[in-house]
Amino acid sequence: MVKQLTTTIVSTFRTLSTSPRCVPSNSKSSSKVLRLIYLIKSLFCIEEQAVFDQVYSLIRGFSSLSPSCKLNLVESLRSNLSVLLPNVDSLSRVSQGQDDDAPVLDRLTSYRNAFKIYTFFLMHIILAEESNTSSNNNQKVTATTRKKQPMNSWNWESQRTRILNLIANSLEINLSLLFGSSDPDENYLSFVVKNAFSMFENATILKDADAKESMCRIIGTCATKYHYTAQSCASIMHLIHRYDFVVIHMADSVSWAEKKYADGTLASSLIREIGRTNPKTYVKDTVGAENIGRFLVELADRLPKLISTNIGLLVSQFGGESYKIRNALVGVLGKLVAKAFKDIEGEVSSKSVRLRTKQAMLEILLERCRDVSAYTRSRVLQVWAELCELHSVSIGLWNEVAEVAAGRLEDKSAIVRKSALNLLIMMLQHNPFGPQLRIDSFQATLEQYQRKLNELEPENPSESVTSDNDACNGDGEVDNVNTEGVGKEQQESLTDSCLPHIDGGIADQDSSVPDVGNLEQTRALVASLEAGLRFSKCVSATMPTLVQLMASSSASDVENTILLLMRCKQFQIDGAEACLHKMLPLVFSQDKSIYEAVENAFITIYVRKNPVETAKNLLNLATYSNIGDQAALEFIVDVLVSKGDISTSTISALWDLFCFNVTGTTAEKSRAALSVLCMAAKSSAAILGSHLQDIIDIGFGRWAKVEPLLARMACIAIQRLSEEDKKKLLLSNGSKVFGILESLITGFWLPDNIWYAAADKAISAIYTIHPTPETLAAELVKKSLSSVFDCTGGDELQNDTNSASILTTVQVSKLGRYLFVLSHVAMNQLVYIESCVRKIQKQKIKRDKMAADTDTNLPKENGINAELGLAASEDAILDTLSERAEKEIVSGGSCENNLIGQSTLFVSKLCRNFSLMHKYPELQASAMLALSRFMIIDANYCDANLQLLFTVVEGAPSEIVRSNCTIALGDLAVRFPNLLEPWTENMYARLRDPSRSVRKNAVLVLSHLILNDMMKVKGYINEMAIRVEDDDERISDLAKLFFHELSKKGSNPIYNLLPDILGKLSNQNLKRESFCNIMQLLIGSIKKDKQMESLVEKLCNRFSGVTDIRQSEYISYCLSQLSFTEKGMRKLMESFKTYEHALVEDSVMDHFRNIINKAKKFAKPEVKVCIEEFEEKLNKFHLEKKEQEVTTKNAQIHQQKVGTMESFVVDKNAGEGSAESDISEDVSESDGEVVDPSMEGMPQSANNVSKSQSDDSEEYSGASSEVTGTEAGDVEVQSPRTVMKGASKSRAKKSNMKDVKGNITASNRRNAKSKRR
């Protein structure tokens, strides 16, 4: 019976899932389980058929048992198996001491049967319970009630873990005696392994760490100890391909097997299987490729040495098309380099082999940096960053990696650039050269140690020649002596903070060079210093690229570039400080992440715990920043003051610097401190009120003469006072302040280059704080006028403007200052009128609101007023008054008291005096600025002088004047758009100005007008497109930015403008490269598929009527730059008739081939077939056209040859006839030319023949030239006799040639006929 049971166990359990269930009723299950538990207290009673059948029925219906029954049954089976396992070992010891084999064999059979039965029962319990649990979970998810399910009285998770652990332990004992061979029964192993792998498909079980570990032990033991490798390898590959969550657990299983049994057979088999897989398989199965890649990386992390010996099996996969596999192999190489070669002890030969292997891996990693896939390039750079962090990159290879990273900063893919930036950050943070990487410091120290090395070098040249291996080991690593030497010169620890190190650089050390040891150590140190110098230069050379990346449209580029620049500043890389200044304008970015990155970087770099340091940092920024940087600095200081990041202590430190309370403070630093304080006053105006007297005394005192810009900054500070502080100023020091401002404007104690900026702010300050600024402004204009002309009024000025004598006595600088004051006062008067109108409107709104709150009857009154139009009449009156006030500024020439109105006539006449203006360009700048301001104020004045303004902007010799006029045109276009609309073409013409500054300002002005909808994009936008390829990089960048911003407006206006731009650029004399770059930029800004599809049709239609090869080539290039969808390709195919005539050109055909190649990559199979048919059609048509072209050319050549032969025969006959005459003989003798009639192979044209004949006849002065021609009726016509001498001979030749060319053939025939007659 036992033998029969043994043979039927496996077959019985194979039918567990298919046979009908014998489930006991719930009422009888408990008593039956208790009875069975009592029966199976003996280990081997399970072999009895009756007991086996009853237990089998319970196992089949295990899911329907009560929790207590389940617990009792599982505990009984598990305890019996746990007791059985030690008995197997004792049985082996007993069998070794007994000679009789029969009893032992019977016991072995009994043990083996019990072992199998318990294992089968427990394994099936796990499968049944897990299946039941998963079904219950699904029911809970779909249930609508929220009632809690009753908790089971037993914890299945713990039971599952204990069962799996027991099965794993049972496989680890010595089963060779139990099964009679080294390996257990294959059916038994198949059952255990199959069910173990099925449990790996359940992610819930894998979350239990203990259960997962037991399952890994089961797999590892069966595959390694019992040589169940092939089947296990296939199952592992299947699971990895299907489920991504099993990758790590499979790697754990393989790793555990190798470490437990010191046998890497399973891992080697898996690597071999992966390596010999066809690479094309991974292209189709992307999920499987990604899982396989993760598995390889995890395996390399756990078993680096084993993978390193089998890496050759995987290298061939680098040639596959799946970038995911290449990414994984790159990660594997990184793990191996970091971990597989740490312990290189052993024989010299094995050490050399391992080092060569490592070097080969590093070379592969460097080569993969140029992979065709951006994902792989990015992954390689990430691996290099990990190696740098683990200090696994040698000094000998350090600079090669740095140069690769620097080159990848210009990669076309954003993810690659991001990885390159992170790699450089990591290399700086973990560099082996020290915390200071200034080039000068390294250079000085290197020179010192080179001199030291020269002193230590032996005199014998043979002894001094050493190989590089003396200083470096096999993989290029410098010996430890290098690190020790550098440690004496530099700090060893690198901090993560961006605080600059206060310690002096290497060059600041004592001039005496420390002794680092013997000759070899000095050589190693010199090699290290050379490597450090090279690294510093490499990073410093990336600064221009980093500046470009800060203007990138990718937020990740900007953020990581800022982080790299911060790290560069920490290590004192040359140029990092200047690049960080260019970071400031990014605070205006609309991208929140970029703004936050700039703000955090600003706080980290410039805001310190010590307020004095913070104040000095802000002061230095304000001192060395340009206008754009100062605007950005003002914005960010305003934000930080409002947030409290810039504390009141920092403000106090700035006041101390402004008031010269800090030793070493200069006037320039004082001015910069006041500038920062004015920036901070935007958020808190009270900051300036506390030191109002200091601003007046220092800003306008003796220090203003030392630093003239200090007065200008003091004027700005006065403008930014709070309303309360302005009132205090008027009460306490009003007259003094206005007197100072008046002396600043009318005086001459400031140099010209400073005076204009100071006077600008001074006049603005007067209009800001004076209660009646027009009265003081009038005095300023009169005093400024009196300083120029020694006259009392404007009449003499107007009457004498035509006199040249008065202009000769006027100083140009004084006249320029007067014109500036005059125009700036007029402009501020306009602004003042508008501000007064706004105040009145605000007061009216406030009054109406208060009245509405207090009087409930007001709505009725408002309704009546609205019906009568009274409310609207108040606004109309206010508008009328403001218009009158504005007109009186300039158009008050009839009024004798209006000095500005009378001066406008003088300014207009002065600007029209071009000879005088060209002689004094500075005066022209002031005059044109005044003219522009007056034109902005008054429409009539603008209309009258608009022609003059465009004449000057086109022909003025000074580029400063043209730039100012270009900017003024932008202001006029905003103020009076209807007046400027007819001059749109002239405004675009400024983009062609030879001056860079004029072109730059024209780009800025037009960009502002178009992007803010103040000017319509008309047919001259191609001029802006040409500026994309401007010689000046700044102008080119501005033009690119314009089109980038224009593409964001509405439905992308570039889409509508593109065909027109294409047509106009095709007709201009542009380089092909420039045209391609421009169109590539414009087409790249179009993203919508519908617009792309419509452009296909539009561009194809442009082929119609185009005969110029160049235009056809340009249109086809634009087509090749489009992104073709399925619909777009259909439109291209349907429009074949429009461009078929252009396909004869090879360049056009090449562009169409590019279109087809791009379309094939992303097309569906059915569309791909159509594209291939279309490709065949194009190629066939192209070849036919080529053949036709060749045939046509051959026909033309043949016709030319036939015509030549005919003319030659006729000429030969004519020559024979003319040879009979004496004149011909004389001519031939005089010319000395003999014509050989046998030269049939020499081509001669009729023109050449006629020319020779006419020349022969004309050179004989006494002969009459007779030419007979055949006309209607065969009448012979004789030409008149002419005698040609001197100069008339050449003219006669020309006229005679025309006649001869037309009639030479007929003449020869007539002569031949007459001769025969």
Side-chain angles (χ1 to χ4, degrees), residues 745 756 759-760 763-764 766-767 773-774 777-778 780-782 784-785 788-789 793-795 797-798 801 814-835 882-914 916-917 920 922-953 956 960-980 983 987 1005:
I745 297 169
Y756 284 97
D760 181 355
I763 294 173
S764 299
I766 290 173
Y767 272 89
E774 64 275 8
L780 290 175
V781 173
K782 291 179 182 178
S784 181
L785 178 62
V788 179
F789 302 103
D795 293 335
L797 173 65
Q798 183 178 2
T801 49
K814 290 184 178 180
L815 181 58
R817 289 192 178 193
Y818 164 69
L819 294 176
F820 180 83
V821 172
L822 183 72
S823 60
H824 201 56
V825 165
M827 184 62 68
N828 277 272
Q829 184 68 22
L830 176 65
V831 175
Y832 178 70
I833 292 171
E834 292 177 351
S835 64
S882 64
E883 289 178 6
R884 287 178 57 187
E886 290 176 4
K887 286 184 177 180
E888 287 179 357
I889 300 174
V890 172
S891 300
S894 60
C895 180
E896 296 180 357
N897 296 327
N898 193 321
L899 182 60
I900 294 179
Q902 294 184 13
S903 299
T904 55
L905 302 176
F906 165 74
V907 172
S908 178
K909 290 183 179 180
L910 181 64
C911 292
R912 295 178 190 276
N913 192 343
F914 295 116
L916 183 67
M917 294 294 98
Y920 300 104
E922 295 178 357
L923 179 61
Q924 187 182 25
S926 299
M928 290 306 301
L929 180 61
L931 180 75
S932 302
R933 287 174 171 173
F934 292 146
M935 291 173 68
I936 291 171
I937 295 171
D938 189 81
N940 295 329
Y941 191 81
C942 175
D943 192 17
N945 294 279
L946 203 52
Q947 176 69 55
L948 171 62
L949 182 60
F950 276 101
T951 301
V952 173
V953 80
I960 297 175
V961 174
R962 299 201 304 274
S963 295
N964 291 342
C965 292
T966 302
I967 297 171
L969 287 174
D971 295 335
L972 289 172
V974 176
R975 179 91 167 145
F976 308 116
N978 295 332
L979 293 178
L980 268 293
W983 300 89
M987 294 184 67
V1005 167

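- Using a 4.5 Å heavy-atom cutoff, the side chains of D943 and F976 are not in contact.
- One finds the CG atom of L980 at 6.5 Å from the CG atom of L969 (value rounded to the nearest 0.5 Å).
- Side-chain contact between S764 and H824 is present, with at least one heavy-atom pair separated by less than 4.5 Å.
- In this structure, L822 CG and S903 OG are separated by 4.5 Å, a value rounded to the nearest 0.5 Å.
- Nearest approach of F934 to A826, heavy atoms of both residues: CE2-CB, 3.7 Å.
- In this structure, CG on L916 lies 9.5 Å from CD on Q924, to the nearest 0.5 angstrom.
- Side chain of Y941 to main chain of T904: a donor-acceptor pair is present (N/O by atom type, distance under 3.5 Å, no hydrogens or angles).
- Remark: L815 CG to F906 CZ distance equals 5.0 Å, nearest 0.5 Å.
- Put simply, the side chain of S784 does not reach to within 4.5 Å of the side chain of F820, judged on heavy atoms.
- Side-chain contact between V821 and L785 is absent, with no heavy-atom pair separated by less than 4.5 Å.
- Scanning both residues, M827 and I937, for their nearest heavy atoms gives N-CD1, 3.8 Å.
- Two residues are said to be in side-chain contact when any heavy atoms from C-beta on lie closer than 4.5 Å; M935 and L972 meet this criterion.
- Counting all heavy atoms, side chain and backbone alike, L931 lies closest to S908 at CD1-CA, 4.3 Å.
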Test side-chain contact (heavy atoms from CB on, under 4.5 Å) on L819 and L929 and set out the steps. CA-CA 8 Å; L819 294 176; L929 180 61; over 6 Å; no
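- The shortest heavy-atom contact between C911 and L948 is CB-CD2, 3.8 Å.
- Side chains of Y767 and S835: no donor on one and acceptor on the other come within 3.5 Å.
- Between I766 and L780 the shortest side-chain heavy-atom distance falls below 4.5 Å.
- Using a 4.5 Å heavy-atom threshold, the side chains of E774 and V825 count as separate.
- The nearest pair of heavy atoms linking F914 to V952 is CE2-CG2, 3.9 Å.
- Nearest heavy-atom pair across L830 and R975 is CD1-NH2, 3.9 Å.
- How far CD1 of I889 is from CG of D938: 9.0 Å, rounded to the nearest 0.5 Å.
- Atom OG1 of T951 and atom CG of L946 lie 9.5 Å apart (nearest 0.5 Å).
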Can you list the steps and then say if R817 with I745 is a side-chain contact (heavy atoms from CB on, under 4.5 Å)? CA-CA 9 Å; R817 289 192 178 193; I745 297 169; over 6 Å; no
CA sep, side-chain torsions, deciding dist, call: I833, R884, side-chain contact (heavy atoms from CB on, under 4.5 Å): CA-CA 10 Å; I833 292 171; R884 287 178 57 187; over 6 Å; no
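- Looking at heavy atoms from C-beta onward, D971 lies out of side-chain contact with S932 at the 4.5 angstrom threshold.
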